[in-house]
Structure formats: structure tokens, C-alpha cells
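What follows is a set of notes on a single structure, which appears directly below.
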Amino acid sequence: MPEGPSIRILREHIESLVGLKVLEATGNTKLPLERLPGSRLRAVRTWGKHLLLDFGDFAIRIHLLMFGSYALDERKEDKSPRLTLRFTRKRELNFYSCSVRYIEEPLDEAYDFSADVMADEWDPKAARRKLKDMPDTICADALLEQDVFAGVGNIIKNEVLHRIRVHPVTRVGDLPSRKLGEMIREARDYSFDFYEWKKEFTLRQHWQVHAKKTCPRDGTPLSFERHLGVKKRRAFWCDTCQKLYGDTVYVPPSKKPASKRATKSAPKPAKRVSRR
């Protein structure tokens, strides 16, 4: 699933369409498209992982999901477009394997842009307040909460937690205030680093733990869980330099009892025990 920085790059790629009028709208989306011909594209905006095509009285939200893609002024011969917009000046925009929906209210009312980690309106104090309300959420899940960190995805999550040396199953409420501030700050800073590396086609070269096997800081073999937390996303971390705060003890899935009762209930990533 493309993360916020990739959607921002997409926005920049298609901004040359702003001001043009839609001549024809087609595609295999179930959305009624009759209202689009004759509409003029007023702006292209983003909120986290959402691409927003603003036509003034309404907008179209594009979410690329896991395997979505797009093509500007060309078509992918082996795929059927979910949405094709043919504009004046012989311009064309195609989206594939994505979610398409209308946004009827003004975008500034429909979205809280202060939650977008790459937006000018980003508000770290608001993020801190929201995190304070979820003390039992593990950091790996908290970073993926789009209402708090719109645009942060699994790559950013793994890399941010490694940067700030925090174990992914640390509960938000167990983080020292300084570490909580670091997590909020790095969610934004790493997103902009991601953006620059993506434009340079060097993103993978900068990964420290995501899809890696060894910690570059201390040489420790990295730990990995395929479905960590409530979000059930892939996690990579170093048990040497990423500290597990609080009284939580992490139990790897391979060491959990394989009883019938355990297999019927959803496994928990961690349990709280006393260390006294």
C-alpha cells in the first residue's frame, strides 16, 4: 500500500491537469460518473494515503489500496481502468485496482489536515493529545492510526521505531514523555526523508530494518513478526537497541503454547507481568 510520501509524489505528477475540464469519464467503478463531464479540476490535494481531486462542488477520493496504480497520458494495456478521466488538451488520467468515492462536503470539513504528517497544517500537539487517549495501544499500532498519523504506513512505522530505539510492542502509556515526543517528531521527519529518497529512487537503500535481517547499529539479527498487533502488520526490530518500556514482556509467536484454546483466540502480541 503506497504511503503518504508516495501519494504526495503522485499529486505532484498530475498537478498539470489542474484547470482542465473533464470531457469524458469511464471505468469499471460502480460509482455513477455522469456528473464528471463538464467539471473543471480545481485542485489536487492529499490527506495521508488519500489522493483528492477537487472539482469545487465535490471531490473524488482515490485510495490505491494494496495494488493500485495510475497512468498519466497513457494506458496500461494489460489492465482495465477503475477510472479514466479524459481532459481537454488531449490529457488523460487512469487509475487501476483502487477505491473511488465521492466527497460531497468541502475537503477542509471532511478531513482533519492537522493529522497529516506531511501537511503544512500538521499539529504535533494534537497528535500527543490523541496518543494520551490510547495508553494501552502498542507503538506499532499507534503509528498506523491514520487519525493520528495520516500517511504513515508499515515502512515508516518500522523505521521510525528503530530510529528512536523503541521496541514495537511498547505501550504508548509506558513511553517516557521524551520518547513520545521523539516518535511524533520522527513520524514527520522520516516521512519527508522517505519522500526525498523515493524521488531519487534510493528508498530501499536507506532502509535500516524494514525487510532486513541484521541491525546496522549493533549487528544483532533482527526479530520479525508477520502479523504484529491489532493491525497485524509486518514488524522488524532489534532486541538489542530497541528498548521495551514498561512491565510488558514480549512473547514471540513461536514460543506461545499451541493449545486448542490458543489457536481459537486471536494471539496477543504482549502481556503485562510484574517484574518484582
Side-chain angles (χ1 to χ4, degrees), residues 1-15 18 41-65 99 101-161 163-164 166 168 170-173 175-199 229-231 233:
M1 180 184 297
E3 304 189 25
S6 297
I7 302 303
R8 174 166 285 218
I9 292 171
L10 190 167
R11 184 195 76 188
E12 293 173 356
H13 190 201
I14 67 174
E15 278 184 324
V18 171
L41 184 61
R42 305 292 181 182
V44 180
R45 302 178 67 180
T46 59
W47 182 85
K49 302 174 185 180
H50 295 182
L51 178 74
L52 306 169
L53 306 178
D54 188 354
F55 291 94
D57 295 336
F58 64 93
I60 288 182
R61 188 209 75 178
I62 303 291
H63 193 308
L64 294 181
L65 306 175
S99 169
R101 58 170 288 190
Y102 285 117
I103 304 294
E104 301 294 347
E105 61 265 48
L107 292 177
D108 288 319
E109 296 178 10
Y111 287 94
D112 175 11
F113 286 94
S114 70
D116 185 331
V117 296
M118 297 191 72
D120 292 339
E121 299 92 334
W122 164 249
D123 186 350
K125 293 181 180 179
R128 182 181 284 267
R129 288 194 297 271
K130 294 172 187 175
L131 290 170
K132 289 289 189 180
D133 289 336
M134 53 177 75
D136 293 328
T137 303
I138 64 171
C139 291
D141 284 336
L143 279 164
L144 296 177
E145 285 291 344
Q146 297 303 291
D147 289 341
V148 184
F149 298 109
V152 170
N154 211 43
I155 296 172
I156 297 174
K157 173 207 76 179
N158 287 324
E159 294 294 324
V160 164
L161 290 175
R163 272 192 177 187
I164 67 173
V166 169
T170 297
R171 288 178 170 86
V172 170
L175 277 178
S177 179
R178 176 178 59 84
K179 282 295 177 184
L180 184 64
E182 285 182 15
M183 186 170 78
I184 295 168
R185 183 181 67 251
E186 288 297 341
R188 179 173 171 87
D189 288 352
Y190 189 87
S191 294
F192 278 99
D193 287 341
F194 183 123
Y195 166 80
E196 295 295 341
W197 295 330
K198 184 79 172 179
K199 293 207 302 184
V230 174
K231 303 291 186 183
R233 301 299 303 278

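Here CG of L107 is found 13.5 Å from CZ of R42. Values are rounded to the nearest 0.5 Å. To the nearest 0.5 angstrom, L53 atom CG is 5.5 Å from I62 atom CD1. K199 contributes atom NZ, which lies 12.0 Å from atom OG of S6 (distance to the nearest 0.5 angstrom). Between the CG atom in D54 and the CG atom in L41 there is a gap of 7.5 Å [rounded to 0.5 Å]. Note that the CD atom of E109 and the CD atom of E104 stand 12.5 Å from one another [nearest 0.5 Å]. The distance from atom CG of D141 to atom CZ of R171, rounded to the nearest 0.5 Å, is 11.0 Å.
Salt-bridge check for E15 with R11: passed, with a basic side-chain N closer than 4.0 Å to an acidic carboxylate O. Under 4.0 Å is where a charged nitrogen must lie from a carboxylate oxygen, and between E159 and R163 no such pair does. Residues D108 and R45 are paired through a salt bridge, judged by an N-O separation under 4.0 Å between the basic side chain and the carboxylate.
Using a 4.5 Å cut-off on side-chain heavy atoms (C-beta onward), K125 and R129 make contact. Taking the side chain as every heavy atom from C-beta outward, R8 and F192 approach each other to under 4.5 Å. Between I60 and Y102 there is a side-chain heavy-atom pair separated by less than 4.5 Å. Contact check for V18 versus V44: side-chain heavy atoms found under the 4.5 Å cut-off. Here the side chains of M134 and V148 are in contact, with some heavy-atom distance below 4.5 Å. Between L51 and I14 there is a side-chain heavy-atom pair separated by less than 4.5 Å.
Shown here for P2 and I7, the closest heavy-atom pair between the two residues is CB-CD1, 3.9 Å. Listed here is the closest heavy atom pair of I138 and G229: CD1-CA, 3.8 Å. Scanning all heavy atoms of the two residues, the minimum distance from V166 to C139 falls at CG1-SG, 4.2 Å. Annotation for S191 and P5: closest pair O-CG, 3.3 Å, computed over non-hydrogen atoms. The shortest heavy-atom contact between A142 and V172 is CB-CG2, 3.7 Å. The two residues I155 and E3 have their closest heavy-atom pair at N-OE2, 2.9 Å.
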Could you check V160 against V152 for side-chain contact (heavy atoms from CB on, under 4.5 Å), going step by step and ending with a plain yes or no?
-> CA-CA 10 Å; V160 164; V152 170; over 6 Å; no

Could you give me the CA-CA distance, side-chain angles and deciding distance for E121 and D123, then say whether side-chain contact (heavy atoms from CB on, under 4.5 Å) is met?
-> CA-CA 6 Å; E121 299 92 334; D123 186 350; over 6 Å; no

Tell me, with the steps shown, if L161 and N158 meet side-chain contact (heavy atoms from CB on, under 4.5 Å).
-> CA-CA 5 Å; L161 290 175; N158 287 324; 5.7 Å; no

Check the pair L131, E145 against side-chain contact (heavy atoms from CB on, under 4.5 Å), reporting the backbone distance first and the verdict last.
-> CA-CA 10 Å; L131 290 170; E145 285 291 344; over 6 Å; no

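When atom types are taken as modelled, the side chain of K198 and the backbone of I9 share no donor-acceptor pair closer than 3.5 angstrom. Of the possible donor and acceptor atoms, one in the side chain of Q146 sits under 3.5 Å from a partner among the backbone N and O of L144. With hydrogens and angles ignored, the 3.5 Å screen pairs no side-chain donor or acceptor of K49 with any backbone N or O of H63.
In this structure, W47 and Y111 have tilted ring planes: the angle between them lies in the 30° to 60° band.
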